[in-house]
Trainee: 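Sending over a structure as C-alpha cells; questions will come in a sec.
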Amino acid sequence: GQKPKPLMWVLLVATSPGSWAQQGTQPQSIKIEGDITLGGLFPVHSRGPAGVPCGEVKKEKGIHRLEAMMYALDQINSDPDLLPNITLGARILDTCSRDTYALEQSLTFVQALIQKDNSDVRCSNGEPPIIPKPERVVGVIGASGSSVSIMVANVLRLFAIPQISYASTAPELSDNSRYEFFSRVVPPDSYQAQAMVDIVKAMGWNYVSTIASEGNYGESGVDAFLQISREAGGLCIGQSIKIPREPRPGEFEKIIKRLMETSNARGVIIFANEDDIKRVLQAAKSANLTGHFLFVGSDSWGAKSSPIQDQEDVAEGAVTILPKRASIDGFDQYFSSRSLENNRRNIWFAEFWEDDFKCKLTRPGIKYEPGRRKCTGEERISQDSQYEQEGKVQFVIDAVYAMAHALHSMHLDLCPGYMGVCEKMDPVEGRMLLQYIRSVNFNGSAGTGVMFNENGDAPGRYDIFQYQLSNVSNPGYKHIGQWTNHLRINPEEMQWSGGDHKVPESVCSFPCESGERKKMVKGVPCCWHCELCDGYQYLLDEFSCDMCPFDMRPLKNRTGCRPTPIIKLEWSSPWAIIPVFLAILGILATTGCIVTFIRFNDTPIVRASGRELSYVLLTGIFLIYLITFLMIAEPSIAVCAFRRLLLGLGMCISYSAMLTKTNRIYRIFEQGKKSVTPPKFISPTSQLIITFILISVQVLGVFIWFGVMPPHTIIDYEEQKPPNPEFARGVLKCDMSDLSLILCLSYSIVLMITCTVYAIKSRGVPETFNEAKPIGFTMYTTCIVWLAFVPIFFGTAQSTEKMFIQTTTLTVSMSLSATVSLGMLYIPKVYVIIFHPEQNVQKRKRSFKAVVNAPPRPVAISDELP
C-alpha cells in the first residue's frame with residue numbers, strides 16, 4: 001500500500017499512450033475505454049505564439065472543464081439507472097484555443113468513417129489482413145470558443161456526428177440549415193440580446209445607443225440586439241459604436257463624444273470585453289458625465305468587480321446580465337482529491353500540477369529549471385493553491401449527461417431488454433442519435449431543466465443584476481430579476497444614481513402637450529418635434545392639425561372645435577348708449593317742435609316758414625332719429641326690412657324738403673332779376689308734389705331692392721376673427737354690406753349736395769328770405785359731418801369692434817345731421833314763438849317786385865304770396 005515515488009509516476013507517464021505525442025507519433029489525446037466512445041474538445045492550452053500551435057496550459061477553462069467531463073463519465077458509468085451495462089468511454093483532444101488546430105485534431109473523430117480500400121493488401125501467406133476497427137466516436141462534447149465550434153461543426157456535419165457544446169454562444173450556430181448536428185447546453189447570445197431588449201422595454205426606454213468590441217462576441221451580440229429591437233419595434237438606436245481591437249489613444253474619449261451627440265439616448269447597451277468596459281467608464285468619468293449614462297451590460301460584464309474598479313460612481317445603476325449558473329459541489333470534492341497518483345488518465349495533469357503549485361516535475365525531454373522548486377507530489381489542490389470552480393463546469397457535465405440520456409432512450413427503443421450494445425446500435429446512427437438528443441428533457445447538475453429547441457439551443461436562463469452604491473448597506477451587484485424566455489424583474493429593488501428609485505428616461509422625444517402635433521424626424525420613428533396647432537386649427541390626430549369649420553373655433557386644449565359665440569350690439573353697450581341718448585334727445589326736441597308748430601299753426605312765423613314742407617321736413621328729422629333704434633335692435637327679417645326702408649328715407653325726406661325750399665327761393669330770386677312774373681310751381685301744393693316725387697325715387701329703389709334680394713339676417717364669422725381664437729365671435733347682422741349701405745344713402749347724399757349748391761347760390765338773397773341762410777349753414781355743417789363719417793366708417797374695416805364702431809358712427813352722424821337741421825331751421829323759430837310772442841305778428845305785405853328791388857331790411861317773406 002506504499003505510494004509510488006514521484007520518479008515512478010514520471011516513468012508511468014512516459015510509457016502511457018498519451019505521451020507518444022511528444023515523439024510526434026499521434027495527436028495528443030486522452031483515451032478512456034468504453035462500449036460507446038464520446039469525443040471531447042477542450043482548450044487545454046492557450047493559443048501559441050506565431051508558428052507554434054499551443055501555448056501555456058489553461059487551468060480553469062482547460063483542465064477544470066476537461067476534468068468535469070471525466071467526472072461526468074464516472075458518475076454515469078456508476079449510475080445503475082442510466083445506461084446500465086453500457087460503459088461510456090472517451091477520446092479527449094486539446095484545441096489549443098485555435099480553430100485551425102482544432103480542425104486537424106477533430107479528424108481523429110472521423111477517420112473511422114472514412115472508407116479505406118484494402119482489397120489489394122495481402123499478408124505474406126496470401127491471407128487478407130486483419131485490420132483493427134478504428135474507434136468510432138458517436139458524439140462530441142465541445143468545443144469551447146464559438147469560432148472553434150463553427151470549424152469543427154462543418155466537418156462533423158459531413159460525417160453525421162452530433163455535437164453538444166458547453167460554452168459556444170455565437171448566434172450564427174443557431175442556423176439549423178448550416179449546423180444541423182450542433183446543439184448546445186448554453187443559451188446563444190441572441191437570447192441575451194432578447195433579454196436586454198426586454199429590460200430596455202421594461203424601463204420604458206425607446207432610444208438607446210450600443211457599444212460593441214470588435215470581434216465575433218461583441219459584433220454578433222449587438223447585431224442580434226439591433227435585429228430583435230427592429231422586429232419588436234418601438235425602439236430606436238441613437239449611436240452604434242464599434243471599439244477597434246487595437247484602440248488608438250483618445251479612442252474612448254471619441255466614443256463618449258459620439259454618445260453625447262444623441263445625449264437623450266442615455267441607455268447604453270454594451271457588448272464588450274472587460275478592458276473595453278473599464279476604459280469606456282473611465283472616459284465617461286473624465287468627461288464629467290458621472291450619472292448621465294445608464295449602462296446595460298452583457299455577460300462579459302456580469303457581476304465582475306474588475307471592469308468597475310475605481311469607476312464605481314459611473315457604473316452606479318448599471319443593469320447587467322449573467323447566465324444562471326451554479327457551483328457543483330460533487331465536482332469540487334472530486335477535483336480537490338485529484339493527485340498525480342490517482343489521475344494518470346489525464347495526460348496534461350502534470351503540466352497543470354506544475355502551473356498550479358508553481359513547482360517543477362522532472363519529465364523526459366524537459367530541461368530542469370534551477371530557479372523553480374521541485375514538486376513533491378504531496379501537494380493538495382485548494383489547500384496548497386487557490387481553487388475556485390470554473391463557471392462552465394456545470395454546462396460540461398450537462399452536455400455529457402444530455403448525450404448519455406439520448407443514448408439511454410435510443411437503447412430502450414432499439415435494444416429493449418438487451419444487456420449492452422445490440423446490433424442495431426453498432427454502429428450508432430448519427431442522424432437518429434441527433435433526434436434523441438433534441439428530445440431529451442431532464443434535470444441537470446444544478447437542478448435546472450436541460451432541453452433543446454428545434455435549432456439545438458438551450459433555453460435562455462439569465463440572472464439580472466444592478467450595481468448599487470448609494471443608500472445600500474453593502475454596495476455591489478444586487479440580484480433584481482431573471483429572464484427565462486420572458487423577463488421577471490422587481491422594479492422596487494432597483495435604484496439609480498444618488499439612490500433615486502424613479503427610472504430615469506432614455507427617450508428621444510417626450511410626449512407632445514395637448515394640442516401639439518408630432519412632426520416626425522425622417523428615418524427615426526422614436527423622434528419627433530412637437531408643433532402647436534396654431535390659429536384656428538385643432539389636433540385631427542397625432543400627426544396632423546386641421547382647420548375648424550368656419551363657424552367654429554378650437555377648444556382651449558385644441559383637441560376639437562366648439563361653436564363660435566354669436567354677438568350682437570347690446571342696448572347696455574357703451575357703443576349703443578351714446579347714440580340712443582342722442583336719439584332720445586333728438587326725438588324729444590323734434591316732437592317739441594312739431595307740437596309747437598301744430599299749437600301755433602296759424603301764427604305768422606309758422607305760416608311764413610311754409611307749414612306743409614316744415615311738417616314734411618320735421619317728419620324726416622324724426623325718422624332720422626328713429627333709425628338709431630332700428631340699427632341697434634336685434635336683427636330679424638322685419639328689423640332688416642325697416643332698416644333698408646328707413647335708413648335712406650328719413651334723410652331723403654329731409655333733404656328733398658330742403659332742396660325744394662332752396663330751389664324755390666333760388667328760382668324766385670333769379671326770376672325777379674329778369675321779370676315781374678313769379679316763377680311756376682312755387683305754391684305749397686306744387687312744392688309738396690315735387691318733394692314727394694323726389695322721395696318716391698328712394699322708396700322705389702328700396703322696393704326694387706326688396707324684390708331682387710329679400711331681406712334676411714346673417715351671422716358674419718369673418719368680421720371678428722382675430723389671430724387669437726379665444727376672441728373670435730360671430731356677428732349677427734342684416735345682410736347689408738357696406739356698399740349697399742352707402743348706395744342706400746347715396747341718393748340722399750346727391751340731394752344733399754344739390755341742396756348745398758343751391759344754398760351757396762342763394763347766399764346773396766336779401767335777409768328777408770330768412771330761410772336761405774339757415775339752410776345754407778345746415779348744408780355746410782351736414783357736409784362736414786358726413787365727410788368726417790366716411791373715413792371713420794371705412795377706416796375701421798379691420799378692427800375687431802368694426803360692427804359696433806360703424807353702427808355708432810352711422811347713427812351718431814345721422815343724429816348730428818338731423819340735429820343741425822333742427823337746430824338751424826326750427827329751434828330759433830320755436831324759441832321766438834314761445835319766449836318772444838311779441839315778435840310773432842303779421843308784417844305789412846309788399847308787392848313781389850318791390851321786395852326784389854328793395855334794399856335789404858329785416859322783413860319776413862311769406863310763403864303764401866299772392
Trainee: Is the shortest side-chain N to carboxylate O distance from K304 to E274 below 4.0 Å?
Mentor: yes
Trainee: Side chains of Q194 and D198: is there a donor and an acceptor less than 3.5 Å apart?
Mentor: yes
Trainee: Taking salt bridge (charged side-chain N to carboxylate O under 4.0 Å, His left out) as the criterion, tell me which of K478, K324, R325 meets it with D463.
Mentor: K324
Trainee: Does E390 form a salt bridge (charged side-chain N to carboxylate O under 4.0 Å, His left out) with K61? I'd like the steps, not just the answer.
Mentor: CA-CA 7 Å; E390 201 274 330; K61 286 190 175 176; 5.8 Å; no
Trainee: Take the SG atom of C236, take the SG atom of C526, and say whether they are under 2.5 Å apart.
Mentor: yes
Trainee: Should the pair R266-E505 be classified as a salt bridge under the 4.0 Å nitrogen-to-oxygen rule?
Mentor: no
Trainee: Assess whether atom CD of Q386 is packed by more than 12 heavy atoms of other residues, nucleotides or ligands within 6.0 Å.
Mentor: no
Trainee: Determine whether a donor-acceptor pair (N or O, by modelled atom type, separation under 3.5 Å) exists between the side chain of R438 and the backbone of E454.
Mentor: yes
Trainee: Ignoring hydrogens and angles, state whether a donor on the side chain of T169 or R184 is under 3.5 Å from an acceptor on the partner side chain.
Mentor: no
Trainee: Report yes if the distance between the aromatic ring centroids of F109 and F181 is under 6.0 Å, otherwise no.
Mentor: no
Trainee: List the atom pairs, donor and acceptor, that lie under 3.5 Å between side-chain atoms in residues 246-260 and the rest of the protein, sequence neighbours left out.
Mentor:
| residue | atom | partner | partner atom | Å |
| --- | --- | --- | --- | --- |
| R258 | NE | Q239 | OE1 | 3.4 |
| R258 | NH2 | Q239 | OE1 | 3.1 |

Trainee: Out of curiosity, D356 CG to I63 CD1, how far, rounded to the nearest 0.5 Å?
Mentor: 10.0 Å
Trainee: Verify, without hydrogens or angle tests, whether T484 (side chain) and R461 (backbone) share a donor-acceptor contact under 3.5 angstrom.
Mentor: no
Trainee: CD of E388: more than 12 outside heavy atoms within 6.0 angstrom?
Mentor: no
Trainee: What is the ring orientation for Y477 with F465, classed by angle as parallel under 30°, tilted 30 to 60°, or perpendicular over 60°?
Mentor: perpendicular
Trainee: Specify the closest pair of heavy atoms between C512 and K518, including all atoms of both residues, with the distance to one decimal.
Mentor: SG-CG, 3.8 Å
Trainee: Given the rule in the side chain to side chain donor-acceptor pair (under 3.5 Å) test, do D398 and S445 qualify, once you have shown the distances and angles that lead to the verdict?
Mentor: CA-CA 6 Å; D398 286 348; S445 51; 3.0 Å; yes
Trainee: List the steps, then state whether side chain to side chain donor-acceptor pair (under 3.5 Å) holds for S168 with S149.
Mentor: CA-CA 7 Å; S168 301; S149 283; 2.7 Å; yes
Trainee: Please determine whether side chain to side chain donor-acceptor pair (under 3.5 Å) holds for the pair R65 and S144, giving the CA-CA distance in whole Å, both sets of side-chain angles, and the decisive distance to 0.1 Å.
Mentor: CA-CA 9 Å; R65 292 177 184 182; S144 182; 2.6 Å; yes
Trainee: Restricting to non-hydrogen atoms, name the atom on V440 and the atom on A402 that form the minimum distance, rounded to 0.1 Å.
Mentor: CG1-O, 3.8 Å
Trainee: More than 12 heavy atoms of other residues, nucleotides or ligands under 6.0 Å from CZ of R488: yes or no?
Mentor: yes
Trainee: For Y191 and W483, take the angle between the two ring planes, folded into 0 to 90°, and tell me which bin it lands in: parallel under 30, tilted 30 to 60, perpendicular over 60.
Mentor: tilted
Trainee: Should the ring pair F335 and F331 be called parallel, tilted or perpendicular, given that the plane angle runs from 0 to 90° and is split at 30 and 60?
Mentor: parallel
Trainee: I need the minimum non-hydrogen distance between Y101 and T95, along with the two atoms involved.
Mentor: CD2-O, 3.3 Å
Trainee: Go through W301 and I321 one step at a time and tell me if the side-chain contact (heavy atoms from CB on, under 4.5 Å) criterion holds.
Mentor: CA-CA 8 Å; W301 183 333; I321 195 168; over 6 Å; no
Trainee: Does the ring centre of Y387 sit less than 6.0 Å away from the ring centre of H64?
Mentor: yes
Trainee: Counting C-beta onward and ignoring hydrogens, is there a side-chain heavy-atom pair between L41 and L93 closer than 4.5 Å?
Mentor: yes
Trainee: Side chain of Q192, backbone of G221: donor and acceptor closer than 3.5 Å?
Mentor: no
Trainee: Taking all heavy atoms of V148 and all of A143, pick out the closest pair and write down the distance.
Mentor: CG1-CB, 3.6 Å
